[in-house]
Amino acid sequence: MSSATSKPRSPMAAPRSFLWARRIFLTLLTGFVLVPVYVMISSSLKPLQDVSGTFRWLPSGLTIRPYIDIWSTVPLADYFVNSAIVASAATVCSVVIAVFAAYAVSRYRFRGRRVFTVTVLSTQMLPGILFLLPLFLIYVSIGNTTGIALFGSRGGLILTYLTFSLPFSIWMLIGYFDSVPRDLDEAALVDGCGPLGALLRVVVPAATPGIVAVAVYAFMTAWGEVLFASVMTNDTTRTLAIGLQGYASQNDVYWNQIMAASLVVSVPVVAGFLLLQRYLVAGLTAGAVK
């Protein structure tokens with residue numbers, strides 16, 4: 001009776017073996033992602049003596065003391081302010097410059113246009129460590145010649161992060177602006193807008209997902225960068241990625257505070273990603289398909 005009433009499988013339906021394989025793979029992938037998160041959360045709620053010993057999946061006692069001590073063990077608040085200022089400024093500068101540069105490449109034909117786009121994209125092929133020593137020497141030379149302190153300052157770190165986020169941002173927005181119909185620009189020009197007005201009033205609102213994707217990329221690049229921050233900063237301009245090393249002293253490593261601080265540091269990035277997720281996905285895909 002049950003076989004008579006069961007619905008026949010569609011010829012286009014995936015085989016049952018594939019469905020079960022997909023479920024198993026997704027389950028394993030979920031566990032692979034969530035297990036480290038659980039270890040971080042559980043370790044951040046344990047006393048130091050429990051974390052320093054053999055790891056136990058079920059903690060014997062929980063405490064929020066590590067979340068209180070992280071602010072006094074190291075100047076975490078100062079590092080948080082430095083990272084917020086540097087990452088926000090680098091994001092704003094990257095987005096503003098990339099919008100104008102990408103719009104010019106997308107809408108105008110000029111000599112050297114192809115060379116410019118290839119050069120911008122080719123910079124992403126080189127590892128960042130190759131730029132460390134040249135930038136260090138340039139900043140020191142500028143400081144000795146003009147008195148402008150770029151080395152060890154937030155401004156120097158912002159310029160450093162622009163060298164990484166700006167090329168990719170320009171390249172990505174070029175593809176996104178190409179997908180925006182040129183008729184919108186022409187309609188804005190007919191209505192009395194100049195090229196700048198057409199960009200700001202018509203094209204930018206239509207390209208909001210792509211701009212948000214660029215902003216998220218630039219912010220995440222600056223927020224978690226370690227290599228250049230470890231060289232280009234000092235005790236007053238140190239960022240969070242470097243400041244977390246302060247929880248390791250000569251005598252002990254405060255593992256519970258490191259885990260607590262890592263979770264606190266991750267909150268802005270995770271919250272921003274969740275809030276802007278739909279714009280981010282649309283921005284990463286819309287510019288690639290016309």
Side-chain angles (χ1 to χ4, degrees), residues 74-105 110 112-113 115-174 196 199-200 204 211-246 261 265 268-269 272:
V74 301
L76 188 64
D78 295 338
Y79 301 155
F80 202 100
V81 171
N82 291 333
S83 291
I85 293 176
V86 170
S88 300
T91 300
V92 172
C93 294
S94 180
V95 169
V96 172
I97 298 174
V99 165
F100 286 100
Y103 182 76
V105 174
F110 53 89
R113 175 178 177 270
V115 176
F116 174 77
T117 55
V118 172
T119 303
V120 166
L121 186 59
S122 63
T123 58
Q124 302 298 300
M125 302 178 184
L126 303 176
I129 195 172
L130 292 180
F131 301 96
L132 182 58
L133 182 58
L135 284 175
F136 173 79
L137 296 177
I138 291 172
Y139 287 176
V140 172
S141 298
I142 292 176
N144 295 334
T145 303
T146 64
I148 300 176
L150 292 178
F151 176 73
S153 65
R154 295 171 179 168
L157 198 59
I158 292 170
L159 290 177
T160 301
Y161 291 156
L162 283 177
T163 62
F164 300 105
S165 61
L166 192 55
F168 179 80
S169 301
I170 294 175
W171 177 78
M172 181 176 174
L173 283 182
I174 288 174
L196 181 61
L199 170 63
L200 298 180
V204 168
I211 295 175
V212 170
V214 167
V216 172
Y217 166 78
F219 185 86
M220 293 180 65
T221 300
W223 185 263
E225 201 278 328
V226 176
L227 177 62
F228 286 85
S230 62
V231 177
M232 299 294 185
T233 59
N234 52 33
D235 293 338
T236 58
T237 59
R238 191 169 296 165
T239 59
L240 284 170
I242 305 303
L244 293 178
Q245 300 177 1
V265 169
V269 177

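A donor-acceptor distance shorter than 3.5 angstrom exists from the side chain of Asn82 to the backbone of Thr236, with no hydrogens or angles considered. Put simply, the side chain of Arg154 never gets that close to the backbone of Val86: no donor and acceptor are under 3.5 Å apart.
Counting all heavy atoms, side chain and backbone alike, Ser83 lies closest to Thr239 at OG-CB, 3.2 Å. Nearest approach of Ala241 to Val226, heavy atoms of both residues: CB-CG2, 3.8 Å. The minimum heavy-atom distance linking Ala98 with Ser169 is given by the pair CB-CB, 3.7 Å. Here the closest heavy-atom approach between residue Val74 and residue Gly243 is recorded as CG2-O, 4.4 Å. Pairing each heavy atom of Pro167 with each of Leu162, the nearest pair is CD-O, 3.7 Å. Residues Ala101 and Ile170 approach most closely at CB-CD1, 3.9 Å, considering heavy atoms.
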Evaluate the side-chain hydrogen bond (donor to acceptor under 3.5 Å, both in side chains) criterion for residues Ser165 and Thr221: first the C-alpha distance (whole Å), next the side-chain angles of each, then the deciding distance (0.1 Å), finally the verdict. CA-CA 7 Å; Ser165 61; Thr221 300; over 6 Å; no
When you look at Phe219 and Val269, which way does the side-chain contact (heavy atoms from CB on, under 4.5 Å) test go after all the steps? CA-CA 8 Å; Phe219 185 86; Val269 177; 4.3 Å; yes
What's the verdict on side-chain contact (heavy atoms from CB on, under 4.5 Å) for Phe100 and Leu196, showing C-alpha distance, side-chain angles and the deciding distance? CA-CA 9 Å; Phe100 286 100; Leu196 181 61; 3.5 Å; yes
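Atom CD1 of residue Ile129 and atom CZ of residue Phe228 lie 8.0 Å apart, to the nearest 0.5 angstrom. Rounded to the nearest 0.5 Å, atoms CZ (Phe131) and CG (Leu227) are 12.0 Å apart. From Leu135, atom CG reaches atom CZ of Phe151 across 11.5 Å, with rounding to the nearest 0.5 Å. Once rounded to the nearest 0.5 Å, the distance linking CD1 of Ile158 with OG of Ser94 reads 12.0 Å. Separating the CG atom in Leu133 from the CD1 atom in Ile138 is a distance of 9.5 Å, to the nearest 0.5 Å. Note that CG of Leu159 and CG of Leu166 are 11.0 Å apart. Values are rounded to the nearest 0.5 Å.
Not counting sequence neighbours, the partners of Thr237 by the side chain to side chain donor-acceptor pair (under 3.5 Å) test are Asn234. Every residue meeting the side chain to side chain donor-acceptor pair (under 3.5 Å) condition with Asp235, not counting sequence neighbours, appears here in chain and number order: Arg238. Evaluation of the side chain to side chain donor-acceptor pair (under 3.5 Å) rule for Thr160 yields Tyr139 as partners, not counting sequence neighbours.
A ring-centre distance under 6.0 Å is found for Phe80 and Trp223.
Two residues are said to be in side-chain contact when any heavy atoms from C-beta on lie closer than 4.5 Å; Val214 and Val99 fail this criterion. Between Leu76 and Leu240, some side-chain heavy-atom pair lies under the 4.5 Å cut-off.
Aromatic ring orientation, Phe168 versus Tyr217: tilted (interplanar angle from 30° to 60°).
Annotation for Leu130: atom CG counts as buried by contact number, over 12 foreign heavy atoms lying within 6.0 Å.
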